[in-house]
Amino acid sequence: MSTSLEQKWVEKWHSLHVFEPSSLSKEKKFFFTVPYAYPTGPLHVGHGRTYTNGDVTARFHRLKGENVFWPMGFHVTGTPVLAISDALKRNDEEMKKLYTEYVGIYEKDPKKIQSLIQSFVDPANVANYFASHVQEDLQKLGCSIDWRPMFTTMDKEYQKFIHWQFRKLYAKGALVKGKYPILYSPADKNAVGEDDIKDGDTDKVQIQEYTLVKFPFDKPNAFLVASTLRPETLFGCTNLWINPQIEYARTRWNNEEWIIAEKAIEKLQLQGKKFEIMEKFSGQSLIDKHASNPLDEKTKIPILPASFVSAEKGTGVVYSVPAHAPWDFIALYELKQQKYPSAEKISPITIIDTPGFEGIEKLLAAHKAISLKHREGIQAATEEIYKKEFYEGKMNLKNGFLVGMSVQHAKEKILQNLIAKSRCDSLHEPTRKAFTRAGNPVVVAVMDDQWFLDYSSKEWKQKTHSLVEKMPIYPEYFKKSIHEAIDWLEKRPCIRKRGLGTKFPLVESDEWMIEPLSDSTIYMVFYIAVTHIRNASLSVEQLDEAFYDAALLGKKLPTNDTRAAIANKIFEEVNYWYPNDLRHTAPAHISNHISFFLFTHTLLFPEKFWPRGLTFNEMLVRNGVKMSKSKGNVIPLQHAFRDYSADLTRLFIVSSASFERVADWKDNQVPQVKSKLNDVERTLTRAIESTENKLTPAHEWLVENLRARLSEAYDAYDKFEYMYAAQKAFFETLNEVKRFRKVFGADESPAVKQVLKEWILLLSPITPFLAEELGERAKLGKLVSQMTVAKPQSKPNKAIEEQVVFIEGVLQDLEHVRKLVRGKQPKLGFIYSKDSRETAWLRDAQQALSKHTQFEIRVNDAHDPLGKMAKSVKGRPAIYLE
RNA sequence: GCAGGAGUACCCAAGCGGUCAAAGGGGCCAGACUCAAGAUCUGGUGACUUAGUGUCUUCGCAGGUUCGAAUCCUGUCUCCUGCACCA
């Protein structure tokens, strides 16, 4: 099937409005959705998998006679397009090359390509350009989408709908305000995202929470504040480290005095600690003084000098746990070698036992780290011991406290203790030293005006669990993951200051956008409303909360409100189409999209509008490797159409793996599916062109067998086992035809004609173009996409099946014997049977057998030199070759 | 580490207590057709064995339950995915 033929059908479907259902239909409705695409580039074959399976679902439901509504929109809000625009602004060569290639998929004229690329410095242009072309990708793939309600998330009507959604969430208590750490550039006074950070895409920067431990020092309410990732090691603390080379400061905040590195002050101020600086001094002046252990003030802890302590990281104060921290161990070791007096008295205190861990010295030796100069080795050792002790270690404190407790658990206990004594606080740091692309440092700031979606309510979770419990989900084991995601979701920040998006309606400020995952939860209902809103030419102001309450929830507007009629009309439609009967997506979205989708529905809608089903297909890799822009191994769908056709792409995707398996796009295997597709086309075309209508009993047997295979395909479609459906409809039907030809040596066309319509229709969910083409040639009268089919019924013809199996057995035996005579090609084959029925079968098949074996077959011939006739038994005729 | 999933013949992949040496698709080998290539058709493709039979071994590894296990149980190894504010 050529691409131009496929294009013909795309246009026909469109011009005949084949996929545009009406709510006036009497058929059972089926409202189906696949998440809208985020268009940062052309769709690739990975997206193709989800959309193909989605389309198979939609088409099969249409075949079943349901009134299918499958709309699509585009998700253009978010930050990834910013990264693309920024890179193009910077004239980033790689990005330019990539996008020239992408645009080149759709545009021929190099000048136009260049001007488009230039327009992409505005992120909205990237999103809009690809949105319209992704639509083209989906159409060419054959997706049976109703494009009338198509919208983007930047549309005014949509944004007003999102405002409505957020006001509803607020009214139901699901939106709360709080503190939140973010990556921040003090120089730019702005939040930064992955794409603002130098190498942020390849070397991800994350936010890490340090515990600040307050060591009482020199007077009440004064503390040396140390930062640590491992508060559980506090009992192993032998001393504090101060870098004598750097500046420290005494600061005051909330009636406490903190002594920390001067450089840490700004950082902490950004995190909500409004320090007042009292005095500054060099670290040297703290050396050899003593602080107290925060959990046991009688224990005095000496302060020792350490060059490895940095003012940039943490607070510039570190507490030392030489038994469990490589840096501390080596620093102490070096001091001892220098005969530093107060260091010589100190020995490491082991407080954690870990199976298979033989002490820090061996660990350091393994990493070839024996001096503070071996930074990398020490760092690697630190990571290793941290991970190992955290997951496998058990506390072994001498005083009995926490003994035997796992490190993970002990960490919490100690934190609780510190909090109770108000001896701790927290500090957020980036996981690595990072700079903006302009070269400004990136730090962590804690925002106190962040809004969260708060999913922690028990009742809400319960309601959502109960929805999931009764919902059909395929593959079923994902149900468990969804329950877990529901339990695990707590507070989630839902607004941010960057990227395209809808303004957050609950604050005056224009700088807060709704975070793009949070706005994609109940938009399925908007597909139903949007066309009517547009047709009614309502102004943005008219799309207020009262309007959406009426349109989406059926509340009544005052009768004198001019919008009442249209709102009623929309609600009628919503009432017809909602809920979403089935949503198909990838399992990666379970912990966000799908969970939010379920949560938001149970909160904002009455139960009768809650979603009805979920299906998932795993991802698709190429030649065993994940596809990614950076690897350059992405295959745009358009290239697949060009190289293989949409039908072939679809058939390959569907037949290569069931939903629960990762599919592998093997470049050399895709074209191989083609011969099967040709085979089907050839067989059906021959039947269409055949003028022979007379059915022999053998033909009748074949008809039943074809129906049986098609019936199995039907059931497989019904159970989302599309790989199996493809196998039945494309491969096993052909195998039945082959059996027929082999045993009867006749033309199967009269039989195929009997099942022509059913066969073509049951190919159509997977290869709609071929099916339409064949349907046209067969003069089915209507477009295949507009026809319905019932499950084929078959009554297997047992008598002939027995005959076929018998002859197949004979052929097998003939083959076997022929191999035994080796070398010599026999000219004559004698078959002897005493059973009259079998003899008749053999005579019946005589010609076919001769044709097949390439030697003349004689049945019950008088020539019987080996006395085979006597050896023959019922069910097993004797064979002699010469 | 936790959670979910997976490991099946040369490759992909189905099977999920007996009809399983294990569907289907590739690949490969042999044969037919062809001047040839391609396409197509036919047969073979765990081992040994046999005028069409029979035996043995195999479904990550090791045990167990059972008359019987690729399928159930226990342990173990390896791989993939997710572990958040990112679409």
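The chains referred to below are lettered A, B, ... by the order of the sequence lines, with proteins before strands, and numbering in each begins at 1. Reckoned from all heavy atoms, side chains included, excluding hydrogens, waters and symmetry mates.
- Base pairing of B:C48: its partner is B:G54, meeting the Watson-Crick or G-U wobble criterion (both donor-acceptor distances under 3.5 Å).
- With a cut-off of 3.5 Å on both Watson-Crick or G-U wobble distances, the partner of B:C61 is given as B:G75.
- If you check every strand for non-hydrogen atoms under 4.0 Å, A:Pro671 touches nothing.
- For A:Asp664 and A:Ile879, each mapped to the nucleotide of RNA chain B holding its nearest heavy atom, the one lying further toward the 5' end belongs to A:Asp664.
- For A:Leu881, the side-chain atoms get nearest to B:A51 when compared with the rest of B:A51, B:A84, B:G52.
- Contact annotation for A:Asp679: backbone-only contact, meaning every heavy-atom pair under 4.0 Å involves sugar-phosphate atoms and none involves a base.
- The residue A:Tyr880 sits close to a base: some heavy atom pair falls under 4.0 Å.
- Across the protein-nucleic acid pair, A:Asn617 atom CG and B:G4 atom P stand 22 Å apart, rounded to whole Å.
- The residue A:Arg741 sits apart from the nucleic acid: no heavy atom pair falls under 4.0 Å.
- Separating the P atom of B:C73 from that of B:G7 is a span of 15 Å, rounded to the nearest Å.
- Electrostatic pairing of A:Arg622 and A:Asp667 counts as a salt bridge here, judged by a charged N lying under 4.0 Å from a carboxylate O.
- Of the candidate nucleotides B:A51, B:U40, B:G4, B:G4 has the atom lying nearest to any side-chain atom of A:Tyr477.
- Within a 6.0 Å radius of CD in A:Glu808, more than 12 heavy atoms belonging to other residues, nucleotides or ligands are found.
- Comparing the same atom, C1', in B:U65 and in B:C72 gives a spacing of 8 Å after rounding to whole Å.
- B:A23 and B:A70: their P atoms are spaced 15 Å apart (whole Å).
- Taking CZ from A:Arg741 and CG from A:Leu734, the interatomic distance works out to 8.0 Å, rounded to the nearest 0.5 Å.
- With a 3.5 Å ceiling on both atom-pair distances, B:C20 lacks any Watson-Crick or G-U wobble partner.
- When the P atom is compared between B:A21 and B:G46, the two are found 13 Å apart, to the nearest whole Å.
- Using a 30° and 60° split on the angle between ring planes, A:Phe599 and A:Tyr455 fall in the tilted class, from 30° to 60°.
- Looking at the side chain of A:Lys480, the nearest of the listed nucleotides B:G4, B:G52, B:C12 is B:G4.
- Within the nucleic acid shown, A:Ser675 comes within 4.0 Å of sugar-phosphate atoms alone, with no base atom in reach, counting heavy atoms only.
- Contact annotation for A:Ala878: base contact, defined as any heavy-atom pair under 4.0 Å involving a base atom.
- Rounded to a whole angstrom, the distance from the P atom of B:U19 to that of B:A84 is 48 Å.
- Taking the ring centroids of A:Tyr722 and A:Phe659, they lie under the 6.0 Å cut-off.
- Annotation: B:U53 and B:U58 have their P atoms spaced 24 Å apart (nearest Å).
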Nucleotide by nucleotide, nucleotides 14-24 of chain B touches protein heavy atoms under 4.0 Å in the pattern (B base, S sugar-phosphate only, - none) S--------BS
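- Separating the CZ atom of A:Phe730 from the P atom of B:A13 is a distance of 20 Å, rounded to the nearest angstrom.
- Taking the six-membered ring where the residue is Trp, A:Tyr523 and A:Tyr36 present parallel rings, their angle staying beneath 30° rather than reaching 60°.
- Backbone-only engagement by A:Lys742 is indicated by non-hydrogen atom pairs under 4.0 Å involving sugar-phosphate atoms exclusively.
- As a whole-Å value, the separation of A:Lys666 NZ from B:G26 P is 15 Å.
- For the pair A:Thr153 and A:Val76, the tightest heavy-atom approach, listed with the atom from each and the gap, is OG1-N, 2.8 Å.
- Taking the six-membered ring where the residue is Trp, A:Tyr832 and A:Phe830 present parallel rings, their angle staying beneath 30° rather than reaching 60°.
- We find that CD of A:Glu808 is positioned 14 Å from C1' of B:G43, with the value rounded to whole Å.
- B:G24 and B:A36: their C1' atoms are spaced 33 Å apart (whole Å).
- Of the two residues near RNA chain B, A:Val810 and A:Trp488, the one whose nearest nucleotide lies more 5' is A:Val810.
- Residue contacts shown for A:Pro516 are limited to sugar-phosphate atoms, with no base heavy atom under 4.0 Å away.
- Of the charged side-chain nitrogens involved, none lies within less than 4.0 Å of a carboxylate oxygen, so that A:Glu748 and A:Lys738 do not count as a salt-bridged pair.
- When the C1' atom is used for both B:A14 and B:U49, the distance is 31 Å, rounded to whole Å.
- Here the P atom of nucleotide B:U50 and the NZ atom of A:Lys871 are 16 Å apart, to the nearest Å.
- With B:A3, B:C85, B:A84 as the choices, the nucleotide that has an atom nearest any side-chain atom of A:Glu484 turns out to be B:A3.
- Between the CG atom of A:Leu866 and the P atom of B:G52 there is a distance of 12 Å, given to the nearest Å.
- Atom P of nucleotide B:U81 and atom CD of A:Glu618 are separated by 10 Å, given to the nearest angstrom.
- Summarising the base pairing, B:A32 is matched to B:U40 through a Watson-Crick or G-U wobble pair whose two defining distances lie under 3.5 Å.
- Rounded to whole Å, the distance from CE on A:Met627 to C1' on B:C80 is 16 Å.
- A:His593 comes within 4.0 angstrom of no nucleic acid atom, judged by non-hydrogen atoms across all strands.
- In this entry B:C2 has B:G82 as its Watson-Crick or G-U wobble partner, both defining distances falling under 3.5 Å.
- Taking a 6.0 Å sphere around NZ of A:Lys461, one finds it holds more than 12 heavy atoms contributed by other residues, nucleotides or ligands.
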